Structures are given as structure tokens and as C-alpha cells.
Protein chains: 2
Amino acid sequence: MVKTSDQFPSTEDKILDAAKKVFVRNGLDGTTMQQIADEARINKSLLHYYFRTKQKLFGTVLKYAFKFVVPQMRDILSSNDPIFVKIERLVAEYVDMLMKNSLIPAFIFHEINRNPDSIVQIMKEAGINPGIFIDPLMDEIRKGTIRPIDPRHLVINILSLCVFPIIARPLAQRVFFENDPHAYSRFLEERKKEVTNFIIASIKA
Amino acid sequence: MVKTSDQFPSTEDKILDAAKKVFVRNGLDGTTMQQIADEARINKSLLHYYFRTKQKLFGTVLKYAFKFVVPQMRDILSSNDPIFVKIERLVAEYVDMLMKNSLIPAFIFHEINRNPDSIVQIMKEAGINPGIFIDPLMDEIRKGTIRPIDPRHLVINILSLCVFPIIARPLAQRVFFENDPHAYSRFLEERKKEVTNFIIASIKA
DNA sequence: GTCTATATCGGGATAGAC
DNA sequence: GTCTATCCCGATATAGAC
């Protein structure tokens with residue numbers, strides 16, 4: 001999209017980086033063009049030069065967020081690992097990734113709920129289709145490795161257990177960990193094993 | 001707070017009802033005082049007469065949302081049912097309640113992530129403390145009804161499995177159910193049993 | 001308590017010089 | 001491509017009549 005090669009970051013890149021930060025933190029309505037310009041250390045009207053409107057700039061960032069959060073799952077799911085290893089890897093790597101980008105999930109869910117219609121298009125562009133998740137699980141059910149279960153429930157269960165603790169962090173950390181971030185990070189580390197066991201215990205044939 | 005008794009709804013009540021609707025749908029920044037006034041069928045400046053600023057009005061609604069979503073759990077948890085019945089009831093009633101108020105969770109999580117500091121106070125006022133969740137589970141672990149597990153993981157697991165499918169609905173419904181709302185509602189109904197089994201299978205001693 | 005009118009400000013977007 | 005200046009609108013909030 002933009003040459004980053006061996007150069008300084010281009011203006012467009014600076015804008016996109018800044019917009020990601022501010023939009024993800026504050027949402028569409030909570031963000032002003034001025035904030036983005038300041039963050040990028042450029043002039044406000046340059047934003048309009050590169051992206052004609054705030055909406056278009058936001059759309060670009062939203063697509064980025066989706067592409068950032070989804071494809072990793074697809075790679076793991078389509079690998080050749082045995083199913084229980086797949087689940088273990090999926091949980092571990094996904095929790096890791098979400099910990100490092102903890103604001104993105106809440107950002108996505110807010111905008112998903114506010115503007116659901118714009119999402120279909122973004123998902124298609126990102127190459128997401130249900131089969132990616134469903135097919136590998138159906139195989140295992142047929143093989144008898146895991147008990148018969150609607151694979152959609154299983155997918156939602158796995159995602160729930162990984163994503164929820166991240167978006168609920170500001171609350172859960174205060175309620176259960178006296179607002180100690182290190183304690184909560186350890187808790188999330190523990191969860192990798194805990195969630196894996198939790199899932200496997202409930203689907204083992 | 002306001003007399004609702006045998007009267008028409010007071011102006012203050014009309015405002016609060018309207019504000020709940022609009023804020024929950026659009027968030028703090030996405031909502032204008034004009035929208036609330038229209039929804040309440042009153043004049044814009046009356047909003048400022050009753051609640052001096054938009055912020056204060058929003059704070060009132062946020063507290064309401066918390067009090068709405070949390071105490072029900074506490075009642076079930078502190079009941080005398082055996083633990084597996086408790087879990088079954090908790091899942092069923094909580095999913096039901098969230099289905100009927102599906103915009104509230106996303107609203108709460110967005111604001112939780114944007115303004116974490118204001119939450120401590122709200123939680124204290126709502127009478128939330130960790131023991132409510134933890135204590136009943138610790139009892140069961142001691143009695144040997146359920147296997148040893150950090151009760152905080154268990155609490156987070158239960159909440160994850162109930163709440164996530166609601167806030168992810170606009171996305172999941174499109175990906176897995178061709179955007180058919182009835183199909184997704186049936187899916188959520190199924191989940192009550194599915195999630196209960198899922199949890200119990202993983203913690204039975 | 002409720003309304004109309006208005007003050008004040010900030011935000012998105014454009015024009016036009018360089 | 002980048003900047004300054006400006007337009008225009010909508011939003012919060014207040015003043016003041018009734």
C-alpha cells in the first residue's frame with residue numbers, strides 16, 4: 001500500500017500509525033482529526049489530503065484491526081497438528097497476541113455493535129468464511145477424536161474463553177487482583193493451560 | 001430517586017429512559033443531547049435543568065447499567081441450590097437477561113476500556129466484591145464436589161461463555177448463520193444446556 | 001418547570017498560497 | 001505535498017421570559 005522499504009516512514013504511514021493508536025483508544029466518535037494530526041506530528045489538512053474524510057480513514061483502520069486479529073487463527077487451524085495440540089497452540093498464541101494488543105478487541109466489538117452492516121464487506125475482504133473454523137472440527141468429530149458437538153458452539157467457546165478476559169481486564173483486574181497489572185498478567189499466563197485443559201476435558205470422546 | 005408510584009412518568013424518568021436507550025446504543029461520544037431530548041419528547045434545555053451536564057447524565061446511566069447486569073448473579077450465587085444447579089440457573093437466567101438487553105454488555109465494555117478509573121466507585125456503590133463469586137465456589141472445592149481449580153478462572157470462564165456470544169452476535173450471526181436472527185436466537189437457547197454441560201464436564205471431581 | 005433564543009466553542013472539511 | 005486561513009455546521013451550555 002505504501003513504500004516503507006528502506007526509507008523514513010512516509011507521511012501516509014505516519015498518519016495510519018497515529019490513526020490506529022487514537023481510534024483504537026477512543027473509538028470513531030471519541031476521536032478528532034486534530035488528535036490524529038498531533039499524534040502524527042503533521043497538519044490537520046494533510047489528513048484530508050490523504051484520506052478524504054474521517055470515515056474513510058476510520059474504515060482503513062478498522063480493516064487493519066480485523067486483518068490483524070483473524071488470520072493467525074486461520075493458520076493454526078489449517079495446520080497439520082493433532083487437534084488437541086492445535087487447541088493448545090491456538091489458545092496460547094491467541095492469548096499472547098491479545099495481551100500485546102489489548103485495546104483492539106474492545107475497539108472491534110464496540111464498532112461491530114454500532115455499525116454491523118459495514119462488517120460483512122470487511123470480513124469478505126479478509127477472507128473469513130465459516131469453513132475455516134468448522135471444517136477441521138467436523139473432521140475430528142467424524143474420526144471420533146472428540147465427542148459429537150455442534151462445532152459452532154465449540155468455536156464460540158474457545159473464542160469466548162480467550163477474548164473475554166482481555167476486554168474485561170480493567171474490571172476483572174480491579175475486582176479480583178486489587179488492580180495489580182502484574183498479577184493479572186500472571187493470571188492470563190496461567191489461563192493458557194487452564195483454558196486448554198478446560199476445553200479438552202469437555203470435548204474428549 | 002424519582003417518584004414513579006401511581007403517576008405518569010415524571011420528566012426526570014422520561015429523560016433517564018430516553019438517555020439509557022440512546023447512550024446504550026451509541027455510546028457517550030456518539031450521542032447528542034438533541035437525540036436524547038427527541039427520544040424523551042422534551043426540550044433540550046430541560047436536560048440541563050435536571051442533569052447539569054452530559055457527563056453527569058451519562059454517569060447516571062452507566063451506574064444503572066451496572067446495577068442492572070450484576071445483582072442478579074449475586075442472588076443466584078448466594079442461593080441454597082446445589083452447585084451444579086446453581087451453575088445451570090446462572091447460565092440460563094443470565095443468557096436470557098443478556099438476550100433481552102443485548103446492547104448493554106458492549107456498551108459497558110466500551111466504557112470500561114475507555115474510562116477504567118471511574119469504575120471503581122461505581123462498583124463499590126453497586127456492592128460488588130470478589131467474595132460474592134469466590135466464596136461459594138471455595139466451599140464446594142473444600143467439600144470435594146468440584147475439582148481443585150482457582151475459582152477466579154472458573155468465574156471468568158462462566159462469564160466468558162455467557163457474555164461473549166452476545167457482544168459478538170452481529171459478527172457471529174453473519175459468519176455462522178447467514179445473518180438469520182432467529183437461527184442465532186435458537187443457537188443461544190441451545191447454548192444454555194451446552195454451556196452448562198461444558199462447564200460441569202470440566203470441573204466435576 | 002418548561003420554553004425560546006442565543007452565546008460559545010470545536011470539529012470536519014475546503015480554498016488557495018507556496 | 002505541505003502549510004495557513006477560513007467556512008460552516010452542530011454541539012454543549014446558559015440566559016431569561018413565561
Side-chain angles (χ1 to χ4, degrees), chain A residues 1-64 107 110-111 114-115 118, chain B residues 1-64 107 110-111 114-115 118:
Chain A
M1 168 185 305
V2 162
K3 74 141 121 36
T4 22
S5 56
D6 47 356
Q7 280 289 7
F8 303 95
S10 69
T11 302
E12 191 172 345
D13 280 339
K14 284 197 291 184
I15 292 175
L16 280 176
D17 282 344
K20 282 171 204 167
K21 271 190 211 163
V22 186
F23 274 135
V24 165
R25 195 166 52 233
N26 300 330
L28 170 57
D29 300 308
T31 296
T32 72
M33 296 296 259
Q34 189 60 58
Q35 286 176 302
I36 298 173
D38 291 346
E39 179 76 34
R41 301 176 176 284
I42 53 139
N43 193 283
K44 212 175 45 159
S45 40
L46 264 188
L47 298 178
H48 290 96
Y49 176 79
Y50 282 95
F51 305 84
R52 284 207 344 279
T53 68
K54 187 186 179 184
Q55 281 292 338
K56 287 182 91 72
L57 178 51
F58 179 76
T60 309
V61 171
L62 190 60
K63 277 175 210 165
Y64 153 83
F107 166 71
H110 179 68
E111 303 301 339
R114 286 213 56 194
N115 209 344
S118 71
Chain B
M1 169 186 307
V2 162
K3 76 141 114 49
T4 23
S5 57
D6 48 358
Q7 281 289 6
F8 303 94
S10 69
T11 302
E12 192 172 345
D13 280 340
K14 284 198 291 185
I15 292 175
L16 280 176
D17 282 345
K20 281 169 204 167
K21 272 190 209 162
V22 185
F23 274 135
V24 165
R25 195 165 52 234
N26 301 329
L28 169 59
D29 301 307
T31 296
T32 72
M33 296 297 259
Q34 188 62 57
Q35 287 176 301
I36 298 174
D38 292 346
E39 180 76 34
R41 300 177 175 284
I42 54 140
N43 193 282
K44 217 176 35 162
S45 38
L46 265 187
L47 299 178
H48 289 97
Y49 176 78
Y50 282 95
F51 305 84
R52 280 204 354 276
T53 69
K54 186 186 179 185
Q55 281 291 339
K56 286 182 91 71
L57 178 51
F58 180 76
T60 309
V61 171
L62 190 59
K63 278 175 209 165
Y64 153 81
F107 166 71
H110 179 66
E111 303 302 339
R114 286 209 57 192
N115 208 344
S118 71

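Here is how names work: the chains are called A, B, and so on, in the same order as the sequence lines, proteins then strands, and each is numbered from 1. Treat the numbers as computed from the prediction; the structure is a model and nothing was measured. Values below: all heavy atoms of this structure, side chains included; hydrogens, waters and symmetry mates excluded.
- Pairs passing the ring pair (Phe, Tyr, Trp, His ring centres under 6.0 Å) check and including a residue from residues 20-42 of chain A, sequence neighbours excluded, read A:F23-A:F58.
- A:N26 pairs by the side chain to side chain donor-acceptor pair (under 3.5 Å) definition with nothing, not counting sequence neighbours.
- When the side chain to side chain contact (heavy atoms under 4.5 Å, CB included) test is applied to B:Q34, the partners found at least two apart in sequence or on another chain are B:T32, B:A37, B:D38, B:K44.
- Contacts between residues 17-39 of chain B and DNA chain D, counted as heavy-atom distances below 4.0 Å, involve B:T31, B:T32, B:M33.
- Here the side chains of B:L62 and B:N115 are not in contact, with every heavy-atom distance at 4.5 Å or above.
- B:I15 is listed as a side-chain neighbour of B:T11, based on a closest heavy-atom distance under 4.5 Å.
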- request: Let me see the working for B:K63 and B:T60 under side-chain contact (heavy atoms from CB on, under 4.5 Å), right down to the final yes or no.
  value: CA-CA 5 Å; B:K63 278 175 209 165; B:T60 309; 5.9 Å; no
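- Inter-axis angle, ends of the helix from C:dG1-D:dC18 to C:dC18-D:dG1, five pairs per end, rounded to 10 degrees: 0°.
- In terms of the side chain to side chain contact (heavy atoms under 4.5 Å, CB included) criterion, residue partners of A:V24 (sequence neighbours excluded) are, by chain and number, A:L103, A:I104, A:F107.
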Give me the distances for all protein-to-nucleotides 16-18 of chain C N/O pairs that come in under 3.5 Å?
none

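- Taking atom CZ on B:F58 and atom P on D:dA11, their separation rounds to 17 Å, with Å as the unit.
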For nucleotides 3-5 of chain D, print each protein N/O atom paired with a nucleotide N/O atom at under 3.5 Å, atom names and distance only.
residue	atom	partner	partner atom	Å
D:dT4	OP2	A:N43	ND2	3.1
D:dT4	O4	A:S45	OG	2.9

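- For A:S45, the side chain to side chain donor-acceptor pair (under 3.5 Å) criterion is met by A:N43, not counting sequence neighbours.
- Annotation: ring pair (Phe, Tyr, Trp, His ring centres under 6.0 Å) contacts involving residues 28-54 of chain A, sequence neighbours excluded, are absent.
- Rounded to whole angstrom, the span from the CG atom of B:L57 across to the P atom of D:dA11 amounts to 16 Å.
- Interface residues of residues 47-54 of chain A facing DNA chain D, ordered by number: A:Y49, A:Y50; criterion, heavy-atom separation under 4.0 Å.
- For the pair A:L57 and A:L16, the minimum side-chain heavy-atom distance is below 4.5 Å.
- The two residues A:L28 and A:Q55 come nearest to each other via the heavy atoms CD2-NE2, 3.7 Å.
- With contacts defined as side-chain heavy-atom distances shorter than 4.5 Å, the pair A:K54/A:L47 does not qualify.
- Pairs of residues two or more places apart, or lying in two chains, that qualify as salt bridge (Lys or Arg N to Asp or Glu O under 4.0 Å) and include a residue from residues 19-37 of chain B are B:D17-B:K20, B:K21-B:E39, B:D29-B:R114.
- Residues B:Q35 and B:T31 approach most closely at OE1-CA, 3.3 Å, considering heavy atoms.
- A:R41 places none of its side-chain heavy atoms less than 4.5 Å from the side chain of A:K14.
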